[in-house]
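Working notes, structure below.
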Number of protein chains: 2
Amino acid sequence: MNTYARRPSSKDIARLAGVSQATVSRVMSGHPHVREETRERVLAVMRAANYQPNAMARAMKTQLSGTVGVVVSRITNPVVPEILQGLGVQLSRLGRHVIVWNTDSDGEDGVVSAIRQSVVEGLVFTAARAGSAALTAALEHRVSTVLLNRTVVDAACDQVSADNHGGAERLARYLVGAGRRRVALVNGPLDRSTLREREAGLRAGLAVTGLGIAREHYVSAPFVHEVFRDSAMRMMALPEPPDVICCGNDVIAMGVLCGLRASGRRVPEDVWVTGFDGIEMAGWDLFDLTTVRQPMDRMVALAVERLVARQAAPERAPELTRFETELVVRGTTAHTPATH
Amino acid sequence: MNTYARRPSSKDIARLAGVSQATVSRVMSGHPHVREETRERVLAVMRAANYQPNAMARAMKTQLSGTVGVVVSRITNPVVPEILQGLGVQLSRLGRHVIVWNTDSDGEDGVVSAIRQSVVEGLVFTAARAGSAALTAALEHRVSTVLLNRTVVDAACDQVSADNHGGAERLARYLVGAGRRRVALVNGPLDRSTLREREAGLRAGLAVTGLGIAREHYVSAPFVHEVFRDSAMRMMALPEPPDVICCGNDVIAMGVLCGLRASGRRVPEDVWVTGFDGIEMAGWDLFDLTTVRQPMDRMVALAVERLVARQAAPERAPELTRFETELVVRGTTAHTPATH
DNA sequence: TGCCCGAATGAATACGTATGCACGCCGCCC
DNA sequence: GGGCGGCGTGCATACGTATTCATTCGGGCA
């Protein structure tokens, strides 16, 4: 076997099968007007020669690269791998490859140039602000685009998210109903629509019963574990510490839990803690975190569905879908004086 | 502005600048034999027309797709995002895009077909067994390949890993020196070279002082949180429970810690626990996990370096590099009766 | 028997870029 | 002053596939 020979092309297959290159192409694409006998002969030669079409050449011809881009921020947040896994399953099933950009560390340049150079035929944004250069470029170049777990008002693309506002409101009602009165909020940067919506929902839910969030019980900080940790410690050292610390997402809550552990506070005896997202780790015994779960699997599936639907019908009106959330009560908010 | 016009090609630029398409191509690739005045005229036209070369056409011509594949298993293991982030930084700096495959959920088919269809011009394997179809395909098709954090004996490609054996040996000496005698090991599947090497190193380190691992103090199980959790609970319920539970990696250790918490055991008073990897989360207060850290940043950087070096010189002899590890002692193994 | 339609196939072309080859020009050196 | 070499540029072609157009062939129907 000559391992140095170049890979066979459709021309080689054609020659070996005694047909034209066009026929080989038709066999590949399942064209109807090919005689059964011819088709089988060509397929036999393909198998024998171990033929695989050249993806680049095909992409140039069809203007379809077969790859979909996924834009994430902070890939080290465990919710991101969960999303990536889901997207990988769905998209590989459709024969698409997945290119990943982490805007926090790589910036947006790579995404923008990939869009402009037609490297991707679709994009899933898991991170996008309103003025994001990458999102703008995607829409300008008419690349099929979906926002997943992020919303941008008036963006001309499909959006799939959870009902963050409603979920947070429900959480507020639960907490107030269980007797909590001094509610704190530790949040991440508010350029994330998710975190904004959750904050608004929480405030709205509290406002119904006349409650609010004291100035010293509120933090919006960049995503750094130690910052959330220290915020919790500082709040608990106040003359009037909170009786529950709500967090913008599960990872923030983990930072808060660490701060409480470090300062010797007990959860839930001294203070309650809640997260948001419902990542798998939140259920581990060491966290046992009460949280609001979004049905990420279904969200991912719909996002992919919308993505391919838009490729088929580019001019279809954009849709925004929000999934219902589910309150998951665990040990960080238990009523009973647990051993936690 | 006509947003429906097709993207300008190098031919369009050539026409507008009054030069041949070849000259445009030469300007793009920084060819030396282009007059300064001409170059600037072409560049001006490019800017005016917002020209971006078509990546697919370029890829077909040069046989270089500009994308590098990364094969991972279990993307939800936090060590994987840390690796992906590092690879993303390094590779995007080189203008490469990163395609990610998660073999646990997607299987290897996508990787294999991508290799055979020339979708990737390089591959980083973070997951690979000896007989892996993807690795075999990569080597057969002479794609530039690096194994990162995995080793496969006799594989004809560069390999970058840590000194797992030595690190585990050192860990064993530390534990024995601190008085531990009943050492348990909770490990993952042994088709991972990393886990195999760590186990061998630990056993070797213990053997020096005549110690071993009792049969009932050993587990090798698939990667499921609950399984590790239950293993710890079961071991501690034995007539002779271990006085330290070593784990194949940090995530396993977290499962073990959860099991100990669930069964009311205290760490390190009742039993010590150690991990391996040195992921960031291991340092969080809630885990405070003693572990063996591998210098992942430097490993990633070298892997990328080797990848591009091999592209430049395909016939260079493969190298295997192992980085020194560092024992990080934290609260799960503290000598002093801590409040932990 | 003649005609028409559809099935099956081949020839030719296009996609956008990179590059080998050829050609003209200029400056330098003998 | 003539030859030579290097710079700057254009022409032509190739990469591998998809697709349009043309051609052939066979069968059914009038």
Side-chain angles (χ1 to χ4, degrees), chain A residues 5-43 45-46 49-67 95 113-119 121 141, chain B residues 5-43 45-46 49-67 95 113-119 121 141:
Chain A
R6 85 182 191 313
R7 290 177 36 201
S9 71
S10 57
K11 272 183 194 163
D12 299 322
I13 302 301
R15 191 166 28 76
L16 292 172
V19 298
S20 73
Q21 179 268 330
T23 298
V24 175
S25 176
R26 280 191 268 258
V27 169
M28 278 303 297
S29 54
H31 195 282
H33 293 336
V34 177
R35 214 197 328 166
E36 191 51 34
E37 190 223 55
T38 310
R39 175 188 312 280
E40 279 177 12
R41 182 154 40 97
V42 171
L43 286 173
V45 172
M46 283 180 178
N50 203 11
Y51 171 72
Q52 290 288 121
N54 182 308
M56 296 301 117
R58 165 179 286 174
M60 182 178 73
K61 187 62 187 162
T62 60
Q63 304 284 32
L64 294 175
S65 63
T67 69
S113 80
I115 293 168
R116 299 175 58 180
Q117 300 185 1
S118 303
V119 174
E121 59 177 83
H141 285 260
Chain B
R6 85 181 192 315
R7 292 175 37 201
S9 70
S10 58
K11 271 183 194 162
D12 299 322
I13 302 301
R15 191 165 30 76
L16 292 172
V19 298
S20 72
Q21 179 267 330
T23 299
V24 175
S25 175
R26 281 190 267 258
V27 169
M28 278 304 297
S29 54
H31 195 283
H33 294 338
V34 177
R35 214 199 326 168
E36 191 52 33
E37 190 221 55
T38 310
R39 175 187 310 280
E40 280 178 11
R41 183 154 39 97
V42 172
L43 285 174
V45 172
M46 282 180 178
N50 201 14
Y51 171 73
Q52 290 287 120
N54 182 307
M56 296 303 117
R58 165 179 287 173
M60 182 178 73
K61 186 62 186 162
T62 60
Q63 303 285 32
L64 294 176
S65 63
T67 69
S113 80
I115 292 167
R116 299 175 58 181
Q117 299 185 2
S118 304
V119 174
E121 60 177 82
H141 286 260

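Residue numbers begin at 1 in each chain, while the letters A, B, ... track the order of the sequences.
- A donor-acceptor pair is defined here as one N or O able to donate and one able to accept, closer than 3.5 Å; no such pair exists between the side chain of B:S20 and the backbone of B:A14.
- Not a single donor-acceptor pair under 3.5 Å links the side chain of B:Q117 to the backbone N or O of A:N54.
- Protein atom CE of B:M56 is 14 Å distant from nucleotide atom C1' of D:dG16, rounded to whole Å.
- As a whole-Å value, the separation of B:Q117 CD from D:dT17 C1' is 12 Å.
- In this structure, NE2 of B:H33 is placed 16 Å from P of C:dA22, rounded to the nearest angstrom.
- Side chains of A:R7 and A:N50: a donor-acceptor N/O pair is absent below 3.5 angstrom, by distance only.
- Using a distance-only test at 3.5 Å, with no hydrogens or angles considered, a donor-acceptor pair links the side chain of A:T62 to the main chain of A:R58.
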Identify each atom pair where a protein N or O and an N or O of nucleotides 17-21 of chain C are less than 3.5 Å apart, giving names and distance.
from	atom 1	to	atom 2	distance (Å)
C:dT17	OP1	B:Y51	OH	2.6
C:dT17	OP1	B:N54	N	3.0
C:dT17	OP2	B:S10	N	2.4
C:dT17	OP2	B:S10	OG	2.7
C:dA18	OP1	B:R58	NE	2.7
C:dA18	OP1	B:R58	NH2	3.3
C:dA18	OP2	B:S25	OG	2.9
C:dA18	N7	B:Q21	NE2	3.2
C:dA18	N6	B:Q21	OE1	2.9

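- Going from atom CZ of B:R15 over to atom C1' of D:dT9 covers 19 Å, rounded to whole Å.
- Per the geometry, CD belonging to B:E36 stands 11 Å off P belonging to D:dT9, to the nearest Å.
- In this structure, the side chain of B:T23 does not engage the main chain of B:V19 through any donor-acceptor pair within 3.5 Å.
- The CD-C1' distance, from A:E37 to C:dT9, rounds to 13 Å in whole Å.
- The separation between B:R35 atom CZ and C:dC26 atom P is 11 Å, rounded to whole Å.
- Summarising the geometry, the separation between CD1 on A:I13 and P on C:dT9 is reported as 17 Å, rounded to the nearest angstrom.
- The backbone N or O of B:S25 sits less than 3.5 Å from a side-chain atom of B:S29, completing a donor-acceptor pair.
- Checked against C:dT9, C:dG10, D:dG10, the side chain of A:S20 finds its nearest nucleotide in C:dG10.
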